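Below: one structure, written as structure tokens.
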Amino acid sequence: MSQQPIVQSFIAGQWFGKQADQALLSPINGNTLFHTHSDAIDFGQSIDFARTKGRQSLLSMDFQSRASCLRDLGKYLLEHKEALYQLSTQTGATRTDSWIDIEGGAGTLFAYASMGRRELPSGNLIHEGDAMPLGKEGGFYGSHVLVPRHGVVVHINAFNFPIWGMLEKFAANFIAGLPCIVKPATSTSFLTEACVRLMHQSGCLPEGSLQLVIGRTGDLLDRLDGQDMVTFTGSAATAAKLRTTPNLITNAVPFNAEADSLNCAILAPDVAVDSVEFDLFVREVAREMTAKSGQKCTAIRRVLVPENHMEAVAERLTARLAKVTVGDPNVEGVRMGPLATHVQQYDVLNQLDQLLKTSTLISGGRDGCQPVGDGVEKGAFCQPTVLMSNDPDAEGGAHDIEAFGPISTLMAYKDTDHAIALAARGKGSLVSTLVTNDPEVAAHVVPNLAVWHGRVHILNEEASKESTGHGSPLPMLKHGGPGRAGGGEELGGIRGVTHYLQRAALQGSPTMLSAVVKEYVRGGDTIETEVHPFRRYFENLQVGESLLTHRRTVTEADIVNFGCLSGDHFYMHFDDIAARDTQFEQRIAHGYFVLSAAAGLFVSPGEGPVLANYGLDNLRFITPVPIGDTIRARLTCKRKIDQGKVSPKGEPQGVVVWDVQVTNQKDELVASYDILTLVKKLSVG
Ligand code: NDP
């Protein structure tokens, strides 16, 4: 019987696993920390629970309420973060490493909560509008909608980010309304388990929305169907194996992979040895080599340097790395911990041997690592190691071998085109950094890097003060690269959510489309009542409620007055001779006058539930309005979004988007736009 606690799975709403199986050893001193469990999981039951209970509980909420739930979950995790920090040390992580994992994970929840509340509608359907007419009569329109898939998503994660790795995927699939089954890498699964326990205790997790698998996945992938999905982070070899699981191919189960990546950093030729940028380059490379002991999918593996600067870069990088104290992260002053496991240490040192066949050791290496701390001689340490490629143009070497530890290879290049060619030899990476202070160099190099990299980070002194760094994937920017990097995409703002939704094209009459997308589509039926739409509270306002205003003839006085008021005396409005030579052949009213006049036509001036006008989208001036034309406006409630917000005075409010069409006396569209207003609600919630 094991003396150590057993890391448990969370299946069908129950913590599961009593029999000890694999021992999880401390990478710091080799002591046994935990055991996985050997009890077999019934994956049929797990999937069934996700598809029934999980789906039901998630879809009883909507995009907006799930986003709010994520925010509460993030807050709860931060309130309990110290317990996670303590456990994280046992993975070999320093406090800074753990910060990326724990607070980076919670930060991703907050970022998705706020993007979801800002950008997603109420309900469980996203209209990817605007609808477009497909015929000449206006009776047949086309558009796109996104709806939550009917399945479950299986996340298979890597060992290096036990918390962030789970949360960055979970945030997006949760908002999308899909239940998930998370399988963390076994070696650091105890930390993921602790995080899931907190998430469960928070009371914020709808039943069945998240299950946790410790250990093997058994027949899980064989049970998935075309509504399910798999996302994977780990080695390219495992990605290749899993994505070709016969059942996934037969049922066209989407498989998103983020795998090994031979990311590079390029020092541009314009950067002088005594410049700030030169120091920034060395600092960035050193930081990426040592953060998480180089066990980051984004770490810089290849360092591309102009031939004439190679010596200086090697010298400064070696000097910087010499200051990094390696050892037990619990010991003060330690800046780099061990690798995550003894297996990783074995692999990384073997990969170092392979790399040394095509490169020269500059500093570090297999021997001479002297970690600090008790019992560290049994730990999985590897010191920061710099290599220099003997022939960067040769096949193999650092262009092919990923040593997933604090090891980077310097490569000399002749000119920028040579650097571009070497960068591409990674066959597709997650990220590259270009350090340059010359916009022309950036403009030439970056499009070539962008073909091969999921993200390109341009660094100079100006950007450095706020740069989030080469190695940090951000929730609002895409994470994932082509080719060797797995070809997948994660994060990237709301784009990350849409990966978990099913897109369908939609065709039909505007009235039908309006009913489906819960958004007014032009040409659809409108609702006209005696009550001005601005006099209705949020709850009472119906999508499609519309007002056709009285008319107003535009006069020369209007143009003159507006010009004097705004200071806009553009010749088109004031110079009769110049205006005659233009395509309009006469003076026309300011576009902004038309907007203002339209507001004057449709606004209900008295005090009422409309609290504020906070923006305007999709504005187009379509037909010019010369002196003597007569305009009117149609204002229609297009979309309502309930973000559960209150005004600074404590009044509950929702967002209402209004479709505005301004027409002239020939019923031609003069201006078209959406206005966004905050409208008072009758009640909270
Ligand atoms: P693996 O690819 O072996 O494992 C990644 C995940 O896949 C783990 O959760 C693992 O579970 C799981 N897995 C492995 N085999 C199967 C299977 N047959 N069925 C279902 N799940 C499976 O990567 P490692 O974690 O072992 O790391 C190996 C190398 O991968 C590293 O040295 C590095 O080169 C690369 N890597 C890349 C990362 C990236 O983000 N791009 C991150 C981490 C690693 P289990 O742990 O139980 O085996």
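Numbering starts at 1 and runs along the sequence shown. Remember, it's 1-based here, ligands and their atoms both numbered in the order they're listed. Since the model is a prediction, treat every value here as computed from it, not as a measurement.
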| query | Which residue pairs satisfy the salt bridge (Lys or Arg N to Asp or Glu O under 4.0 Å) criterion with at least one member in residues 148-174, sequence neighbours excluded? | reply | Lys169-Glu490
| Can you name the residues that form a ring pair (Phe, Tyr, Trp, His ring centres under 6.0 Å) with Phe232, not counting sequence neighbours? | none
| With hydrogens left out, which residues have an atom under 4.0 Å from ligand 1, given that only heavy atoms count? | Ile156, Asn157, Ala158, Phe159, Asn160, Lys183, Pro184, Ala185, Thr186, Arg216, Thr217, Phe232, Thr233, Gly234, Ser235, Thr238, Lys241, Leu242, Glu258, Ala259, Asp260, Cys297, Gln344, Glu402, Phe404
| task | Apply side chain to side chain donor-acceptor pair (under 3.5 Å) to Asp391 and list each qualifying residue two or more places apart in sequence or on a separate chain. | result | none
| task | Report, as yes or no, whether the 6.0 Å neighbourhood of atom CD on Gln86 holds more than 12 heavy atoms from other residues, nucleotides or ligands. | result | no
| query | Do other residues, nucleotides or ligands put more than 12 heavy atoms under 6.0 Å from the NZ atom of Lys427? | reply | yes
| Heavy atoms, side chains only, cut-off 4.5 Å: are Leu212 and Trp15 in contact? | yes
